[in-house]
Amino acid sequence: MIEHADGTRTPVIDASVHIFFPSNKDLRSFLREPFKSRGFPDYEMDWYGAPGGEYAPNTEGLDGQYPGSDPEYVANELFNKRGVDVAVLHPMGRGIMPDRHLGSALHAAHNEMMVSRWLESAEFGDRFRGTIRVNPDDVAGALREIEKWRAHPRVVQIGIPLQSRDLYGKPQYWPLFEAAVDAGLPIAAHIEVGSGIASPPTPSGNTRTYEQYVGFMALNYVYHLMNMIAEGVFERFAGLKFVWADGAADFVTPFIWRMDTFGRPHLEQTPWAPRIPSDYLPDHVYFVQGSLDGPPADAEFAGEWFGFTGKDDMVMFGSSYPHWQCGDIRKLPAALSAEQREKLCWRTAANLYGIDIAVASGAQ
């Protein structure tokens with residue numbers, strides 16, 4: 001819970017906390033053969049490493065452990081120092097593997113680790129919620145993983161990589177969406193870390209520098225989202241809720257305006273999606289708002305921009321802890337209204353994930 005300058009206090013749900021294995025050796029201990037002895041990318045194997053390092057200062061802990069790998073240390077940082085009441089965990093995987101079965105095994109290992117060490121922690125488990133990772137390149141394996149964990153009371157989300165082999169509106173992914181709706185779990189797409197066989201970050205190929213990569217990569221959600229709308233995904237799966245976990249909600253307004261401009265006179269070409277594109281955003285599309293998104297914090301129009309196309313009902317705060325751009329909830333734009341601030345800090349996430357913030361944190 002944080003206290004504002006006007007004396008009011010607001011609960012905080014951090015909708016994006018990244019967790020890791022402390023080492024490849026530890027990850028292998030959760031694998032079985034024939035995958036335990038296979039090769040796979042390390043977290044650090046990425047084309048675009050941040051020049052100053054991937055992680056924020058002081059995230060390694062006193063013993064120098066891998067950032068985001070020690071539940072006790074992370075809990076202290078989030079709950080005691082940052083004012084977070086409940087944290088939604090998102091395990092960081094290795095991306096799409098050439099061998100889809102290896103990819104599914106790696107995702108299953110991450111889920112076992114998250115549940116056993118974090119969600120079922122005797123001391124902090126009641127303040128953690130979890131994202132189970134599934135492999136969209138192996139839909140049958142993904143369905144088995146969803147079935148395995150869907151009933152766990154602290155599992156609130158299904159995670160897939162933003163860098164897929166194909167656009168998420170395509171029919172091969174529909175069984176995954178159907179299973180998510182049946183389980184009552186949102187799906188979150190997040191940029192992957194340890195790179196598998198990812199597509200280039202731009203439609204025209206690879207960029208040269210990290211600055212270009214980080215400025216553009218999150219925008220790949222636009223291609224997925226517009227394809228999902230055009231393919232009628234939200235018409236077919238009325239209960240589907242999709243979270244774009246790397247932000248860039250500030251771009252949805254101009255792109256959806258453009259889609260509406262072209263969509264109105266061409267609806268006869270997509271009879272399976274009969275409404276204009278923007279009609280499919282409410283109650284289906286959500287974003288995690290990070291420190292890189294939106295107008296500057298001191299912009300007078302920040303609140304107005306936040307409200308365009310209903311973004312103030314789509315956006316949730318997420319710190320991206322322990323990464324270098326780790327966001328601080330206490331640095332929200334001053335121009336946000338009290339209602340916008342409440343929605344961003346906790347209310348939208350509480351409604352989406354079914355979190356009783358008062359019970360979970362003792363917030364008043």
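- Between the side chains of Y55 and E60, no donor-acceptor pair is found at a separation under 3.5 Å.
- Within the 4.5 Å cutoff, side-chain heavy atoms of R133 are placed close to those of P91.
- Defined by atom type and a distance below 3.5 Å, a donor-acceptor pair is present between the side-chain atoms of D246 and H190.
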Starting from the C-alpha separation in whole Å, work towards a yes-or-no answer on salt bridge (charged side-chain N to carboxylate O under 4.0 Å, His left out) for D99 and R38. CA-CA 11 Å; D99 180 347; R38 292 281 298 276; 3.1 Å; yes
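- By the 4.5 Å side-chain criterion applied to Ile, Leu, Val, Met, Phe, Trp and Tyr, L62 is assigned to no cluster and stands alone.
- You'll find the side chain of V12 stays beyond 4.5 Å of the side chain of M1, heavy atoms only.
- In terms of heavy-atom proximity, A109 sits nearest to F30 at CB-CB, 3.8 Å.
- Between the side chain of R117 and the backbone N or O of S69, no donor-acceptor pair lies under 3.5 Å.
- Seen from the ring of Y353, R129 does not count as a face-on cation partner, given the 6.0 Å and 45° thresholds.
- T131 places none of its side-chain heavy atoms less than 4.5 Å from the side chain of I158.
- A distance-only check finds no donor-acceptor pair linking the side chain of S37 to the backbone of E33 [under 3.5 Å].
- Between H90 and I19, every side-chain heavy-atom pair lies at or beyond the 4.5 Å cut-off.
- Side chain to side chain, R82 and Y321 fail the donor-acceptor criterion of an N or O pair below 3.5 Å.
- The shortest non-hydrogen separation linking Q157 to V88 is NE2-CG1, 4.1 Å.
- Rounding to the nearest 0.5 Å gives a distance of 11.5 Å between CG of L281 and CG of D313.
- Less than 6.0 angstrom separates the ring centroid of F21 from the ring centroid of H110.
- Other residues, nucleotides and ligands place more than 12 heavy atoms under 6.0 Å from the CD atom of E120.
- Closest approach of V243 to P186, counting heavy atoms only: CG2-CB, 4.4 Å.
- In this structure, CD in E192 is found 10.5 Å from CE in M217, a value given to the nearest 0.5 Å.
- Using a 4.5 Å heavy-atom cutoff, the side chains of H152 and L119 are in contact.
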Audit row: E231, K170, side-chain contact (heavy atoms from CB on, under 4.5 Å) steps and yes/no: CA-CA 7 Å; E231 294 281 2; K170 299 294 183 68; 4.3 Å; yes
Enumerate, atom names and distances included, each donor-acceptor pair closer than 3.5 Å involving a side-chain atom of residues 287-306, sequence neighbours excluded.
from	atom 1	to	atom 2	distance (Å)
S291	OG	Q325	O	2.5
D293	OD1	A248	N	3.0
D293	OD2	G290	N	2.8

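- Using a 30° and 60° split on the angle between ring planes, F177 and Y168 fall in the perpendicular class, above 60°.
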Apply the test side-chain contact (heavy atoms from CB on, under 4.5 Å) to residues D85 and I13: give CA-CA distance (whole Å), side-chain angles for both, the deciding distance (0.1 Å), then the verdict. CA-CA 6 Å; D85 294 290; I13 296 176; 5.8 Å; no
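- Between W174 and F237, the ring planes lie perpendicular to each other; the angle is over 60°, past the 30° to 60° tilted range.
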Show the numbers, then the answer: is there a salt bridge (charged side-chain N to carboxylate O under 4.0 Å, His left out) between K241 and D283? CA-CA 7 Å; K241 298 182 185 297; D283 298 322; 5.1 Å; no
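- Residue R28 qualifies as enclosed at atom CZ: its count of foreign heavy atoms under 6.0 Å is above 12.
- Side-chain N or O atoms of S320 include none that pairs as donor or acceptor with a backbone N or O of H323 at under 3.5 Å.
- The shortest distance between side-chain heavy atoms of T59 and E77 does not fall below 4.5 Å.
- Of the residues T309, T253, D260, the one that meets the side-chain hydrogen bond (donor to acceptor under 3.5 Å, both in side chains) test with S278 is D260.
- A donor-acceptor pair is defined here as one N or O able to donate and one able to accept, closer than 3.5 Å; no such pair exists between the side chain of H18 and the backbone of L89.
- Scanning both residues, S164 and H224, for their nearest heavy atoms gives OG-CE1, 3.1 Å.
- A distance-only check finds no donor-acceptor pair linking the side chain of E54 to the backbone of E44 [under 3.5 Å].
- Scored by the side chain to side chain contact (heavy atoms under 4.5 Å, CB included) test, P175 finds V139, L143 as partners (sequence neighbours excluded).
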Apply ring-ring contact (aromatic ring centres under 6.0 Å, His included) to F255 and Y223, showing your working. CA-CA 10 Å; F255 278 104; Y223 307 114; 7.8 Å; no
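- Remark: aromatic rings of F35 and F40 are distant, center separation not under 6.0 Å.
- With rounding to the nearest 0.5 Å, the separation of CZ in R341 from CZ in R347 is 12.0 Å.
- The aromatic ring centroids of Y210 and Y48 lie 6.0 Å or more from each other.
- The two residues Q340 and G307 have their closest heavy-atom pair at NE2-N, 3.9 Å.
- Side-chain contact between Y286 and T348: present, with at least one pair of heavy atoms (C-beta onward) separated by less than 4.5 Å.
- In summary, of the residues considered (L167, I256, V285), a side-chain contact (heavy atoms from CB on, under 4.5 Å) with L225 occurs for V285 alone.
- Aromatic rings of F251 and Y221 (six-membered ring for Trp) have centroids beyond the 6.0 Å cut-off, not under it.
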Determine, step by step, whether R94 and L27 satisfy the side-chain contact (heavy atoms from CB on, under 4.5 Å) criterion, reporting the C-alpha distance in whole Å, the side-chain angles of both residues, the deciding distance to 0.1 Å, and the verdict. CA-CA 12 Å; R94 265 60 172 177; L27 168 53; 3.7 Å; yes
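- A cation-pi contact, defined as under 6.0 Å to the ring centre and within 45° of the axis, links R275 to Y280.
- Taken to the nearest 0.5 Å, the CZ atom of F216 stands 5.5 Å off from the OG1 atom of T202.
- Formation of a donor-acceptor pair under 3.5 Å by the H107 side chain with backbone atoms of G103 is found in this model.
- At a cut-off of 3.5 Å, with distance as the only test, a side-chain donor of E145 or N111 sits close to an acceptor on the other residue.
- Counting heavy atoms of neighbouring residues, nucleotides and ligands inside a 6.0 Å radius, atom CG of N227 exceeds 12 of them.
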Residue pair F242, H284: steps toward the ring-ring contact (aromatic ring centres under 6.0 Å, His included) verdict: CA-CA 6 Å; F242 224 90; H284 288 296; over 10 Å; no
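- Looking at every heavy atom in both residues, G239 comes nearest to V181 through C-CG2, 3.8 Å.
- Here the side chain of D14 pairs a donor or acceptor atom with the backbone of S319 at under 3.5 angstrom.
- Summarising the local packing, CD of E72 is surrounded by 12 or fewer heavy atoms from other residues, nucleotides or ligands at distances under 6.0 Å.
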side-chain contact (heavy atoms from CB on, under 4.5 Å), that's the test. Do N135 and I96 meet it? Break it down for me. CA-CA 7 Å; N135 181 12; I96 300 293; 3.8 Å; yes
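- A heavy-atom distance below 4.5 Å is not found between the side chains of V134 and I187.
- For the residue pair E342 and W346, a side-chain donor N or O sits within less than 3.5 Å of a side-chain acceptor on the partner.
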